[in-house]
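Quick notes on the structure that follows.
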Amino acid sequence: MSTTELDAAGITDPALRDAYTQCRALNAVHGRTYFLATRLLAPAQRPAIHALYGFARMADDVVDDPDADASPAAVAARLEEVRARMRRGLAGTDPRTLVTEGEPVVAALADTVARFGIEHRHLEDFMDSMAMDLTVTDYPTFDDLAGYVHGSAAVIGLQVLPVLGTVGPRAEAEPYAADLGVAFQVTNFLRDVGEDLDRGRVYLPTAELAAFGVDRDLLAWCRTTGRTDPRVRRALAHLVARTRAVYRRAERGIALLHPVSRPCVRTAHVLYGGILDEIVDADYDVLRRRVAVGNGRRAAVALPRLAHAVGTRWRRRLAA
């Protein structure tokens, strides 16, 4: 992490600076779209976003990338260890002590939560959803899925909202922040349906799929053979359209954010929504390969907003 970002955020302790830097590295490697959008934030905001992402990544990796010989019970125990370490950090353990004990991500998380007054329940809800991945393999309806996506996605929006800031009461912006998190998550479900199937999970509601004649066996057949099926394409088209509606609802909340944060969130909104465009352009062939927004489009979307964000920050400094 750059010295400018850490200095701007008032993070002076060397151990904590190293902890935040490690979180930034996780974001840069694993969250390319999020990382690019984060560059549009003010330097003082970036370390906190990296810390929140770093912890989410750490917990998610326990579930999605366990050791090859790890039993389900061992994975569950490891996830509970992460929760226990999180709780210890949130309970007020000195972040510098956590770094010394080899817990840099938890240290950065605890420091961020304290600085911005982030509610602990959002992190507990997140861990609950991570635990669901160990036992739940499908969801009959969107109502059944709602509990999972609240903890795995909506609360991510609620965690970052205090960092982004708002122009009015935070409570007014919270529903839109939660919706945007859900839109991002369901986009992941659509993009990663093949990879999730390999892990034994189907996040797309079975009733929605069944309405088009699709079930787990048909998805597995498409995944195994590399072939597509018109029933699958129709089901995915329906779910893409439904997800676009969530993006439209979430977009109304961008105007409620602090002006310095709007370019970042709008860029993430456009780029992640662009994954849906890529799914459509691929004729919904997501079981054979993983679609992604190309670097050219990323640059075309992000660079003008980066220039605008930098210009806005400089004008605010000159006017101060």
Side-chain angles (χ1 to χ4, degrees), residues 1-65 78 81-118 120 122-123 126-127 130 155-157 159-165 184 258 260-261 263-265 267-268 271 295 298-299 302-303 305-306 309-310 313:
M1 184 169 298
S2 73
T3 300
T4 300
E5 292 172 353
L6 294 167
D7 290 345
I11 301 166
T12 58
D13 183 87
L16 268 179
R17 288 168 76 92
D18 182 64
Y20 275 102
T21 299
Q22 292 188 50
C23 290
R24 182 185 188 275
L26 283 173
N27 197 353
V29 172
H30 296 287
R32 292 184 301 164
T33 297
Y34 290 125
F35 183 78
L36 179 60
T38 300
R39 301 299 300 164
L40 301 174
L41 290 173
Q45 295 172 301
R46 296 173 200 164
I49 298 297
H50 293 316
L52 292 169
Y53 180 89
F55 178 76
R57 182 78 254 173
M58 182 176 74
D60 192 60
D61 282 349
V62 170
V63 175
D64 284 346
D65 295 303
R78 187 178 171 202
E81 288 175 7
V82 172
R83 189 195 292 264
R85 285 147 47 194
M86 175 196 80
R87 287 175 172 171
R88 183 165 175 260
L90 298 183
T93 302
D94 189 329
R96 291 168 295 185
T97 299
L98 294 171
V99 172
T100 302
E101 296 174 349
E103 295 281 5
V105 174
V106 174
L109 172 75
D111 186 64
T112 291
V113 168
R115 285 172 183 267
F116 291 93
I118 296 169
H120 294 188
H122 296 327
L123 291 148
F126 171 74
M127 294 302 297
M130 293 300 97
V155 298
I156 302 298
Q159 288 173 32
V160 303
L161 190 58
V163 182
L164 300 176
F184 290 166
H258 190 286
V260 77
S261 298
C264 167
V265 177
T267 297
L271 289 179
N295 290 333
R298 290 172 187 267
L303 291 179
R305 288 184 169 87
L306 178 59
V310 172
R313 289 199 291 270

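Nothing fancy with the numbering, it's 1 onward along the sequence.
Taking the side chain as every heavy atom from C-beta outward, Leu98 and Arg88 approach each other to under 4.5 Å. Taking 4.5 Å as the limit, every side-chain heavy atom of Leu164 sits out of range of all side-chain heavy atoms of His258. At least one side-chain heavy atom of Val82 sits less than 4.5 Å from a side-chain heavy atom of Phe55. A 4.5 Å side-chain heavy-atom check between His50 and Gln22 finds every atom pair outside the cut-off. Side-chain contact between Thr93 and Val106 is absent, with no heavy atoms from C-beta onward closer than 4.5 Å. Side-chain contact between Glu5 and Arg24 is present, with heavy atoms from C-beta onward closer than 4.5 Å. Between Val160 and Val265, every side-chain heavy-atom pair lies at or beyond the 4.5 Å cut-off. Tyr20 is listed as a side-chain neighbour of Asp111, based on a closest heavy-atom distance under 4.5 Å.
A salt bridge links Asp7 to Arg17: one of the charged nitrogens lies within less than 4.0 Å of a carboxylate oxygen. For Arg85 and Glu101, the salt-bridge test fails: no basic side-chain N is under 4.0 Å from an acidic carboxylate O.
The minimum heavy-atom distance linking Arg115 with Ile11 is given by the pair NH2-CG1, 3.5 Å. Taking all atoms of both residues into account, the shortest heavy-atom contact from Pro104 to Val99 is CA-CG2, 4.4 Å. The heavy-atom pair separating Val105 from Cys23 by the smallest distance is CA-SG, 4.0 Å. Val260 approaches Ala42 most closely through the heavy-atom pair CG2-CB, 4.0 Å. Of all heavy-atom pairs between Ala107 and Pro95, the closest is CB-O, 3.4 Å. Considering all non-hydrogen atoms of both residues, Ala8 and Pro43 come closest at CB-CB, 4.0 Å.
Between Asp18 atom CG and Leu6 atom CG the span is 10.0 Å, to the nearest 0.5 Å. Within the model, atoms CG of Leu123 and CG of Leu52 stand 7.5 Å from one another, a figure rounded to the nearest 0.5 Å. We find the CG-CG distance between Leu109 and Leu90 to be 5.5 Å, quoted to the nearest 0.5 Å. Distance check, rounded to the nearest 0.5 Å: CG of Asp60 to CG of Asp64 gives 4.5 Å. To the nearest 0.5 Å, atom CG of residue Leu161 and atom CZ of residue Phe116 are 11.5 Å apart.
A donor-acceptor pair under 3.5 Å links the side-chain atoms of Arg46 to the main chain of Leu41, judged by distance alone.
Applying the 6.0 Å contact sphere to CZ of Arg96 captures no more than 12 heavy atoms from other residues, nucleotides or ligands.
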Subject >> Ile156 vs Gln159, side-chain contact (heavy atoms from CB on, under 4.5 Å): CA-CA, chis, key distance, verdict >> reply: CA-CA 5 Å; Ile156 302 298; Gln159 288 173 32; 4.0 Å; yes
